[in-house]
Amino acid sequence: MRRNADELAKMRKAGRVVAEIHEATRAVLRPGVTTADIDRAAREVLERRGAKSNFLNYHGFPAVVCTSPNSMIVHGIPSPDVVLVEGDLISVDCGAIVEGYHGDAAYTAGIGAVSDEAARLMDVTERSLEAGIDQLVPGNRLHEVGRAVQQVAEAAGFSVVREYVGHAIGTAMHEEPQVPNYWPGSPGPTLKTGMVFAVEPMVNAGGAATVQLDDGWSVVTADGRLSAHFEHTIAVTEDGPEVFTVL
Ligand code: MG
Ligand code: MG
């Protein structure tokens with residue numbers, strides 16, 4: 001789907017709200033914070049901006065952010081019982097709807113000082129996202145995104161999650177086509193101006209295998225090792241990729 005200038009302007013607004021949520025939630029991260037506190041900080045931004053959450057009630061999801069600590073990859077449910085401590089990693093994924101158009105972005109941050117491996121995992125995952133974004137230019141093929149992400153992650157000795165992928169985004173959060181974070185064996189659609197994608201590498205320190213917990217949401221690494229997740233919403237433009245989920 002190609003979005004016109006009016007639609008892209010709305011998506012730019014939604015992306016900015018998501019970036020504001022990132023800023024507000026990062027500001028509460030410290031030892032002793034609960035993942036419910038992170039959700040509360042996100043709700044305040046949505047309220048202030050008059051934006052709707054695309055996470056709340058999504059297939060029954062009970063919060064406006066996903067909070068996934070340490071070996072949890074994605075889809076963690078915020079809770080007053082999950083208290084973050086020095087050395088933890090926390091992945092925060094959230095979105096916003098403005099005038100019917102969606103933004104979606106995620107980051108992973110450390111609580112206080114983290115291990116060398118955790119720091120390297122965050123750095124590599126963020127760099128893999130940047131490498132993927134660089135591929136979003138007119139005329140290129142969509143699956144070059146995944147190839148670039150995979151190259152960065154695997155060159156660092158890490159692995160890329162297969163079961164959860166990025167996606168096109170617009171009037172719904174999850175639109176077709178999907179955006180794998182690996183080379184799926186075919187080049188995929190040709191990129192055109194006005195297309196908008198959420199690119200979201202999930203990179204594991206150990207193996208790629210995942211397990212879903214009994215809550216029906218939380219996805220963790222099968223080997224219990226750390227995972228990181230970075231995501232932006234990006235438009236393909238004549239001038240190259242335009243990241244919407246930034247301030
Ligand atoms: Mg997301
Ligand atoms: Mg997404």
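When a ligand or atom number is given, it counts from 1 through the structure's own listing order.
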Please output the side-chain donor-acceptor pairs of residues 196-208 that fall under 3.5 Å, not counting sequence neighbours, one pair per line with the distance.
residue : atom : partner : partner atom : Å
Glu200  : OE1  : His229  : NE2          : 2.9
Glu200  : OE2  : His167  : NE2          : 3.1
Asn204  : OD1  : Ser227  : OG           : 2.7
Asn204  : ND2  : Gly207  : O            : 2.9

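- Taking the charged nitrogens against the carboxylate oxygens, Arg3 and Glu242 have no contact shorter than 4.0 Å, which rules out a salt bridge.
- Hydrophobic clustering, with ILVMFWY side chains joined whenever heavy atoms are under 4.5 angstrom apart, keeps Leu56 apart from Phe61.
- More than 12 heavy atoms of other residues, nucleotides or ligands shown are found within 6.0 angstrom of CD on Glu117.
- In this view, Asp123 and Arg127 satisfy the salt bridge (charged side-chain N to carboxylate O under 4.0 Å, His left out) rule, not counting sequence neighbours.
- For Trp183, there are no ring-ring contact (aromatic ring centres under 6.0 Å, His included) partners two or more places apart in sequence or in a different chain.
- Near the Mg ion (ligand 2), less than 2.8 Å away, sit the protein N, O or S atoms Asp104 OD2, His167 NE2, Glu200 OE2, Glu231 OE2.
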